[in-house]
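Reviewing the structure listed below.
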Amino acid sequence: QLKWEKVLGDSTKSKKILGNGTELIEQNLLINVGENSDGSCFIVWHDTSGKQVKYFDYHPDSSYVNFFRAFDFLVVDDKSFYLLVYETSVEDGRRTILLHADSSGRERWRKPFKAHGASFTVGTSIWQDEDDRIFITGSIDQGIIEYDANWQNRIWIMEIDSLGNKLWEY
């Protein structure tokens, strides 16, 4: 039986709102991320009754960005969080943006990632292991679809430190 239902994102626009990473965390909070119709992305917390507890949205750094969608998130021990965003822009193509914000939603930093030699890099998952190491996984391409008959997606994994510096990628 459905207990409650919420519309996430900007419900005043006609564009379909996308939601992706959803997780139930400690203190019975449900977290969801997605894209608003104005091109911003969001992260929202709800309690078990459906009441919105927190909502933060983030906008691209450039007006040349066509797509800015949050795919996943990671809340760490100090209640700050990492937001994994996929961006397409005229200037930089298709790449992954990692944003780190404090527990009040104030952005600490954001960093772009594009795998070496790839036409695009899509980070779709971020997680932390028992040793507090942070990993991003997703896919990359090794060519341009329209021009390269040998184009293919490949799995991508990267480890970062807490400041978003790349330690290694494969």
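Side chains included, hydrogens not; waters and symmetry mates left out as well; all remaining heavy atoms used.
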Within-4.5 Å side-chain heavy-atom neighbours: [X] and [Y]:
X	Y	value
Thr124	Tyr86	no
Lys54	Ile31	no
Thr137	Ile155	no
Trp156	Ile136	yes
Arg108	Asp102	yes
Leu98	Leu84	yes
His59	Asp38	yes
Ser162	Tyr82	yes

Donor-acceptor check, side chain of [X] to backbone of [Y], threshold 3.5 angstrom: yes or no?
X	Y	value
Asp72	Ile126	yes
Asp129	Asp131	yes
Thr121	Thr96	no
Tyr58	Ile43	no

Co-members of Trp168 in a cluster of I, L, V, M, F, W and Y side chains, linked at under 4.5 Å: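 Taking Ile, Leu, Val, Met, Phe, Trp and Tyr as members, Trp168 shares its hydrophobic cluster with Trp127, Phe135, Ile157, Leu167, Tyr170.
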- Message: Quick one, Lys111 with Asn165, criterion side-chain contact (heavy atoms from CB on, under 4.5 Å). Give me CA distance, side-chain angles, the key distance, then yes/no.
- Response: CA-CA 9 Å; Lys111 293 191 176 182; Asn165 299 308; 2.9 Å; yes
Rounded to the nearest 0.5 Å, how far apart are [atom1] of [X] and [atom2] of [Y]?
X	Y	atom1	atom2	value
Ile97	Arg69	CD1	CZ	15.5 Å
Phe68	Thr88	CZ	OG1	10.5 Å
Ser49	Leu30	OG	CG	11.5 Å

Exercise. In terms of side-chain geometry, is the basic nitrogen of Arg95 or Asp61 positioned less than 4.0 Å from the acidic oxygen of its partner?
Worked result: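 The answer is no: the pair does not qualify as a salt bridge.
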Sorted by chain and residue number, the salt bridge (charged side-chain N to carboxylate O under 4.0 Å, His left out) partners of Glu107 (sequence neighbours excluded) come out as Arg110
Across all chains, not counting sequence neighbours, the salt bridge (charged side-chain N to carboxylate O under 4.0 Å, His left out) partners of Asp132 are none
Residue pairs meeting salt bridge (Lys or Arg N to Asp or Glu O under 4.0 Å), one or both in residues 113-123, sequence neighbours left out, come to none
Please identify each residue that fulfils side-chain hydrogen bond (donor to acceptor under 3.5 Å, both in side chains) with Asp77, with sequence neighbours left out.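 Asp77 satisfies side-chain hydrogen bond (donor to acceptor under 3.5 Å, both in side chains) with no residue once adjacent residues are dropped.
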Sorted by chain and number, sequence neighbours left out, side chain to side chain contact (heavy atoms under 4.5 Å, CB included) with Val53 holds for Leu29, Trp45, Asp47
Minimal non-hydrogen separation, [X] against [Y], with atom names:
X	Y	answer
Gln128	Val76	OE1-CG1, 3.7 Å
Cys41	Ala70	CB-N, 3.6 Å
Phe73	Leu83	CB-CD1, 4.2 Å

